[in-house]
Amino acid sequence: MIRTLVLTTLAAAAFAAPALAEQAAAAAPADTAKAQAAVLSDASGAAEARQHLIRQGYSNVSELLLEKGRWVGTALKDGKTTIVAIDLRREKPTIETN
């Protein structure tokens with residue numbers, strides 16, 4: 001009885017493995033597409049934040065990093081390098097400086 005149960009379980013697992021592999025392979029492209037979309041979204045957000053800073057008179061804008069919903073980096077304005085943080089989620093993007 002136990003032997004039959006073990007053999008049945010092993011046979012079911014052997015037939016199920018290829019089906020599970022197909023499901024995993026089908027899910028992988030969707031995950032990859034989501035990851036690529038997130039990277040493109042981040043890149044376009046950083047470019048938008050950089051352009052907003054330049055329009056406001058900043059130059060030498062460093063690489064901007066996304067932290068807590070704001071793009072943070074350094075930029076030069078009026079001869080001073082300052083830390084800037086810009087929140088693009090607001091209706092009118094705001095720039096915070098330190």
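These values consider heavy atoms only, across backbone and side chains, with no hydrogens, waters or symmetry-generated copies. Computed from a predicted model, the values in this text were never measured in an experiment.
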Connected via hydrophobic side-chain network under 4.5 Å: L65 and L53: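 As far as the 4.5 Å side-chain criterion goes, L53 and L65 are not connected within one cluster.
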Single-linkage hydrophobic cluster Y58~I83, side-chain heavy atoms < 4.5 angstrom: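 No, separate clusters.
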What is the minimum heavy-atom distance between [X] and [Y], and which atoms define it?
X: V72; Y: A85; value: CG2-CB, 4.0 Å
X: A49; Y: L64; value: CB-CD1, 3.8 Å
X: K77; Y: G57; value: CG-O, 3.8 Å
X: E63; Y: R50; value: CA-NH2, 3.8 Å

The single option from T82, I86, D87 passing side chain to side chain contact (heavy atoms under 4.5 Å, CB included) against I95: I86
Neighbour count above 12 (heavy atom, 6.0 Å) for E67 CD: yes
Within-4.5 Å side-chain heavy-atom neighbours: V61 and W71: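 Sidechains of W71 and V61: no contact.
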Residues which pass salt bridge (Lys or Arg N to Asp or Glu O under 4.0 Å) with E48, listed by chain and number, not counting sequence neighbours: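 In terms of salt bridge (Lys or Arg N to Asp or Glu O under 4.0 Å), with neighbours along the sequence ignored, E48 is linked to no residue.
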